[in-house]
Structure formats: C-alpha cells, structure tokens
Amino acid sequence: MSYRCVAGLEDQLRREFAGYPAEGVLVAEPCPAEMKGDITVNCFRIGRFCGNPMAAATRAAEFLKEHPDVEAVEVIKAFVNVTLKPGALHRDSVAEVETLLASAKLPENRRKRILVEYSAPNTNKPQHLGHVRNNTLGMSLSSLLKRVGHDVIEINLVNDRGIHICKSMIAYQRNGNGETPESTGIKGDHLVGKFYVEFNKMLSAELDALRAAKPDLAGKKDDELFLETELGRATQQMLQDWEAGKPEVRELWTMMNGWVFDGFAKTYERMGIRFEHTYLESNTYLLGKDIIADGLAKGVFRKREDGATLCDLGKLGEKVVLRSDGTSVYITQDIGTTLKKYQDYQPESMIWVVGDEQNLHFQMLFAIMKKLGYAWADDLFHLSYGMVNLPSGKMKSREGTVVDADDLFDEMARLAAEACRERDTELTETELAERGEIIGLGALKFMLLKFNPKTTMLFDPAASLKFEGDTGPYVQYVAARIHSIRRKAAERGATSGNADWTLLGHPAEKVLAVTAAEYPGVLQLAAERRDASGVVEYLLKLAKAFNGFYRECPVLAAEKSELVTARLALSEAVGRIIADGLQTLTIRVPEAM
RNA sequence: GGCCCGGUAGCUCAGAGGAUAGAGCAGCUGCCUUCUAAGCAGUUGGUCGUGGGUUCGAUUCCCGCCCGGGCUGCCA
C-alpha cells in the first residue's frame, strides 16, 4: 500500500537519474503535526541518487505540485510536505481496508516455515511472571510471523526431569500424606510447588545444622554442601533411581508431573496458548551423543587429555560437549533436540524464546550447529529477553518474592471486572467475568509487549493494575467505542456503503487515515525485527488518532447523511485495523467496555 | 580480567543518521443533559552517563572512560 503520487515521483526520478534504485526507497511518513501537510517525503534519503538532498527536494516538489492528487506542497530543508486531496488520500489508505490489511502479507518467495519454541517450564513449580513474559513474547511473535504470511509451528519443550523435580518428589514422599489436587482443591502445579518450597526449607535447616556441627564447612556454599546433607544424598539417589527406571520412583514422578501438566494446561488456556507439539525432556535428554561421535570423526570436536570432548569455538572459547566419563552436558541434548526438531518439521528457521542469561549458550549452540555443517544452521535465532524485576528487587522463587502467574491473572481480571461493574450495573456475573478476563489479561499482555524484549523491565504491580494511559484497555476502549457507533448506526439505519471519501477533509480525519495506512509497514518491520513492541506503540498511536477524530468529528451527528456514511466508513476501517492489531498481539477485542 | 546488554523528564519507557528529542504515569488547569470520561484539551518538567571521532547533520555509527545488570562450569 503506498501513495500513488509518491510512487509516481519515484518512477519519474528513476527516468531522470540513472543511479536511482529500482526498488522504492521513499516511504511517505506522516507529516509532523506542527507542519502544514498530510505526508512528508524525506529527500535526505534520496539525495545521493539525485545530486544532493536539496536538489532532490526541489525536483520532487516540482513533480508533486503538478500531480492530480496533490493540493499543496511545502519544502523545508529537504523535507517535502505534501497536502493531498482528501479523495486521493483516503483512496490510497483506508478506503479499501481489506486490501490494506492484506498488503501486510509478504510475497510468497519471502515466506518461511518457522519453528518457534517458547515457555519451556520446569515441572517442579507453577509459572510466575517471568514465564508470563516468555509466554506472551512467544505467542505474540508466533502470531505476528503468521500474520505476515509465514508458516509457524509453535512448540514447547518441558523440562520434566532432573534434580529439581526430585526435590519436589522427595518432599512429597516425606510430607505429602497422600495429598492430591482433588483432596486439597489446590491446582496441581501449585501443589507440587508447595513441596518444592518445603524441600528448600528442610534443606536450609539441615545445612544450618551441618554448618553448626562442622565449623570447617561453614564457609562453603549451599551447592557445595548439597551432597553432605542427608536430604541431598536422598535426592541424588532418587535421580539415579529415576534414570534406572525404578518403578515406584517412576510412578510418583508420573503422578506428580501429571498434576503439573494439568495445572499448566489451565494457565496456557487462559493465555490463549496452543502448542502444536510439546517435547518432553525425559524423551530428549539422551539425544545428541551420537552426533558428538560423528562430529568427533569429522574433526569438529576433539578429545582433551582428560578425556572430555570439546569444541573449539574461537572467540567464544572452548565448550565441553561430553564429560570425560562420556555423559552428556546441557548443550549435548540441545544439539540433539535441535536436530530432532529439524527432522520433525523441516523448518527454514528456528527461534528460541529464552532469557538473556543464556545468550552465550545459544551463541555456542548455533556455532556448533554450523560447524557440524547443517545448511539450515544459518537461520537459528535466539529471541533473548530481559528479566522482570519488581520494585522490591529481583524475583526469587526460594525467597517467595515471585509474582505467581495464576494469581496475577486473577487479580487483573478481578480489577477489570470491578471497573466494568461500576460502569454498567446491568451486567450479569458471567458477562462481568468474561469482560474482566478480556480486559485484565489484555492489559497484562499489552504491558509486557510494550517493552523491547531485551530490556530488563520493571513490573510495578500497583501501576500495572491501572487501566489508564498507554495501556491495552486504552486501545480496547477505542474498539469498543467504534463498535458502539456501529451498533447505534445500525439502529438508525445508517450504513457505510458507497462512502464519498472526498468529504473527509478535516485534519483529524486525514491524520487518522494517514496513521491507519502505516499499519502494514509496521507489521512487516516488527516481523522482520522479531519484535512485537512496534505494533504496540503503533496501536496506541492509532487509538490516539481515533480519539482525536472522535472528539472533533461527530459520526452519527454529522451535518449531513453523506458525511455520516463517510465517517462511519472511516471508523469501521480503523476498527478493523485495531482488531487485527490486537489479535496479532493475541489480545482479545471486547465489544463493549 | 574478558564478552554481551543497558544508562534519554521525578518514575516507567519510545526514539534503526534527519525538522524545535517524544509518550504514559506522577503534579497542576479545564471538559460528562452531546456517538462510552478506561476519554479529551492544556501545562510544568531534558547539559540524551561522560570525553573524543566520522558526517552537511549524531540520542542514533566508531573509540576511550564511568555506572548498573547478565554471562564467563565436565550446572541446567
């Protein structure tokens, strides 16, 4: 979607200047509010193709002045500010909104099959705000990539085995008294998490006692003393029993993991997440060893004197890929799992949504995959995101300072439902609950997506529970307002058919249309950067432009019926874009607020 | 020590070489018999960490330094 007069200008410049690129370089930008004009053509960008920026601007202004779509042109430095005739402006922006929306799709030859892995929880405790950020980033990125035409496969890789799982199991064995989610009414993941916390308490107590009894150990760290404790040894033994397939351990593990999976399913459902496939680490943790043997034969890896197998990664350093006893390390199974994912789905690109503390790990993983010679290893991407901190500092599971995902959802939904109740006393409890869910969860996701993924963000619960200002509900509110206008228009028999767009020459109408026209470009740029935060910023801008229009230009009370029709058409077009944008971010759109 | 990320208004954050650096919150002023006030209009608030360099032009790119965070295991 582009403005005809700008495309025409580029064609002209191409004829006049031999060096002018075949692919368009001029993008019409919205003209700043304080300047006269609808769109701006920035000729600094094309200066080098046309002599210099000023010459380009002069030539552009000459051409645009004569163009039938153009009402006025003003040149300031190398900026050419163009005032368009309303009919032309709307024709090139919102008049055919379905065409505009469709133009966000990439051409077939640029679409890819992309595997996105995210969430990757452990099954020893419920999910917290950090997971919510991960889940939100992963699902929105997947949705965004699909929106521009890619074939996206969303997968999860659950860490369902290991020493941390055994910790919850040991505590349950000792203190569980046969409790179940059914008998206690506690959501399965929370019940298991309770025993994980209990384990850590018991361990702390034993460590304290140990240090008191043996002063020579007092200076050692908790990790170093783990196997000095009875609890630690029991946990270690349980892990070995699990690996050996000891029936009673496997049985307990299956039961407790089942509880956790039931709990996670509810959390995912509430967020609107559906994975195409969930890999279990208990099935994949042995993968990779055979590849190491191959790599060793090919000379990609080498043996160190002490027997460990390692990979020399130049600037990144050396990475051990097999211990001297021949067992796997973390990266070994990641190598194997990466290959397995490729074999299962043949993606052209793979994305991992994982916290930034694993930046080095992924650099090494990708470097190793390349050294192993896989052609597809050039398109592996770590979507690295920063931690979520609280005003009180970092979240720490052991210190009980985490913000629990389910509790947070409940609180957001409850407050949103309260606000709905104040506005409309007629609503039933069911309706309130539904709206609270849409608005509360929408506000949370929107807030998490507003930040650039890599920034370490601060989550202020008090501020986040407000629904005013640059928030999801602000955008949802515009959707609700538009819906309300449409409903009332329908009641009065007004329609948006055969709109005469030439009537929409009010500055607020033109700004709204110009802003709307930016949407496809915003989606494509966001997808290219693999960062949905641009879409969030854009929706706020569009919603703001609509609110300006809403104030300045009454729709249903316009002076004449033709103007009602045209403004209704503009409102509906904007409503379509807002809904499309929110859905792309996996945020639901309320009909009323 | 080395590598990576960050430092922009009181606070939280946008700004991928371009116009006089933006938004929200907080503060202050107004606006609900008018399509939904979760809204709108206005206003206060800045040596863009710092010192150099490249450029017609630098918050943006390069180098040094300061401050904060992460990583730097035969942990995951």
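A, B, ... follow the sequence lines: proteins, then strands. Residue 1 opens every chain.
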Once the angle between the rings of A:Phe226 and A:Phe199 is folded into 0 to 90°, is it parallel (under 30°), tilted (30 to 60°) or perpendicular (over 60°)? tilted

Please determine, for the side chain of [X], which listed nucleotide ([options]) has the closest atom?
X: A:Pro554; options: B:G18, B:G39, B:C35; answer: B:C35
X: A:Val555; options: B:C5, B:A14, B:C35; answer: B:C35
X: A:Thr40; options: B:G18, B:C40, B:A19; answer: B:A19
X: A:Phe44; options: B:G18, B:U12, B:G39; answer: B:G18
X: A:Lys77; options: B:A19, B:U12, B:C35; answer: B:A19

When you measure only distances, ignoring hydrogens and angles, does the side chain of A:Thr471 come within 3.5 Å of the base of B:A38 through a donor and an acceptor?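 In this structure, the two groups form no donor-acceptor pair.
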
Quick one: the side chain of A:Arg423 and the base of B:A38, do they pair up donor-acceptor inside 3.5 Å? yes

Counting any heavy atom closer than 4.0 Å, what does [X] reach on the DNA or RNA strands: base, sugar-phosphate only, or nothing?
X: A:Asn81; result: base
X: A:Ser571; result: nothing
X: A:Ala557; result: nothing
X: A:Ile439; result: base
X: A:Ala592; result: base
X: A:Asn452; result: sugar-phosphate
X: A:Lys541; result: nothing
X: A:Tyr477; result: base
X: A:Lys544; result: sugar-phosphate
X: A:Cys43; result: nothing
X: A:Met35; result: base

First locate atom CG of A:Asp160, then atom CG of A:Asn283, and finally report the distance between them rounded to the nearest 0.5 Å. 7.0 Å

Ion pair present between [X] and [Y], side-chain N to carboxylate O less than 4.0 angstrom?
X: A:Arg414; Y: A:Glu411; result: yes
X: A:Arg302; Y: A:Glu318; result: yes
X: A:Lys544; Y: A:Asp470; result: yes

Once you round it to whole Å, what is the distance between [atom2] of [N] and [atom1] of [X]?
X: A:Arg551; N: B:A37; atom1: CZ; atom2: P; result: 12 Å
X: A:Leu415; N: B:A38; atom1: CG; atom2: P; result: 16 Å
X: A:Gln476; N: B:G39; atom1: CD; atom2: P; result: 12 Å
X: A:Gln363; N: B:C4; atom1: CD; atom2: C1'; result: 7 Å
X: A:Ile482; N: B:C35; atom1: CD1; atom2: C1'; result: 11 Å
X: A:Met593; N: B:C35; atom1: CE; atom2: C1'; result: 17 Å
X: A:Arg481; N: B:C32; atom1: CZ; atom2: C1'; result: 11 Å
X: A:Glu572; N: B:C35; atom1: CD; atom2: C1'; result: 13 Å

Phosphate OP1/OP2 of [N] contacted by [X] side-chain N/O (<4.0 Å):
X: A:Lys450; N: B:A23; answer: no
X: A:Asn547; N: B:C40; answer: yes
X: A:Lys454; N: B:G6; answer: yes
X: A:Ser484; N: B:C35; answer: no
X: A:Lys466; N: B:A26; answer: yes

Which comes earlier along RNA chain B counting from the 5' end, the contact point of A:Asp470 or that of A:Ile485, where each point is its nearest nucleotide?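 Checking each residue's closest nucleotide, the 5'-ward one belongs to A:Asp470.
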
By nearest heavy atom, map A:Pro32 and A:Cys553 onto RNA chain B; which one lands nearer the 5' end?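 Per heavy-atom nearest nucleotide, the more 5' residue is A:Pro32.
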
In whole Å, what separates the [atom1] atom of [N] from that of [M]?
N: B:G69; M: B:G10; atom1: C1'; result: 23 Å
N: B:C63; M: B:U54; atom1: C1'; result: 11 Å
N: B:C13; M: B:G17; atom1: P; result: 23 Å
N: B:U59; M: B:G7; atom1: C1'; result: 12 Å
N: B:G42; M: B:U50; atom1: C1'; result: 37 Å
N: B:C25; M: B:U44; atom1: C1'; result: 14 Å
N: B:G52; M: B:A58; atom1: P; result: 14 Å
N: B:C48; M: B:U8; atom1: C1'; result: 4 Å

Taking both distances under 3.5 Å as the test for a Watson-Crick or G-U pair, what stems of at least three pairs does RNA chain B have? B:1-7 with B:66-72, B:10-13 with B:22-25, B:27-31 with B:39-43, B:49-53 with B:61-65

Does either side chain, that of [X] or that of [Y], offer a donor lying less than 3.5 Å from an acceptor on the other one?
X: A:Asn156; Y: A:Tyr118; answer: no
X: A:Gln358; Y: A:Tyr330; answer: yes
X: A:Asn359; Y: A:Ser384; answer: yes

Worked verdict on A:Glu572 versus A:Ser496 for side chain to side chain donor-acceptor pair (under 3.5 Å): CA-CA 8 Å; A:Glu572 286 180 359; A:Ser496 57; 2.7 Å; yes

Checking A:Arg481 against A:Phe546: charged group under 6.0 Å from the ring centre and within 45 degrees of the axis? no

Step-by-step ring pair (Phe, Tyr, Trp, His ring centres under 6.0 Å) determination, A:Phe362 to A:Trp352: CA-CA 9 Å; A:Phe362 280 102; A:Trp352 285 255; 5.7 Å; yes

Answer whether the closest heavy-atom distance between the side chains of A:Lys454 and A:Tyr385 falls below 4.5 Å. no

Side-chain contact, heavy-atom cut-off 4.5 Å: A:Thr565 with A:Leu503? no

Reading nucleotides 67-76 of chain B from 5' to 3' and marking B where a protein heavy atom lies under 4.0 Å of the base, S where only the sugar-phosphate is that close, and - otherwise, the string is --SSSS-BSB

For B:C61, glycosidic torsion class - syn if within 90° of 0, otherwise anti: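 It is anti.
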
Mark this stacking check for A:Phe79 against B:A19 as yes or no, applying ring centres under 5.5 Å and ring planes under 30°. yes

Given 3.5 Å as the limit, does a donor-acceptor pair link the side chain of A:Arg588 with the main chain of A:Ile438, or not?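 Side chain of A:Arg588 to backbone of A:Ile438: no pair is present.
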
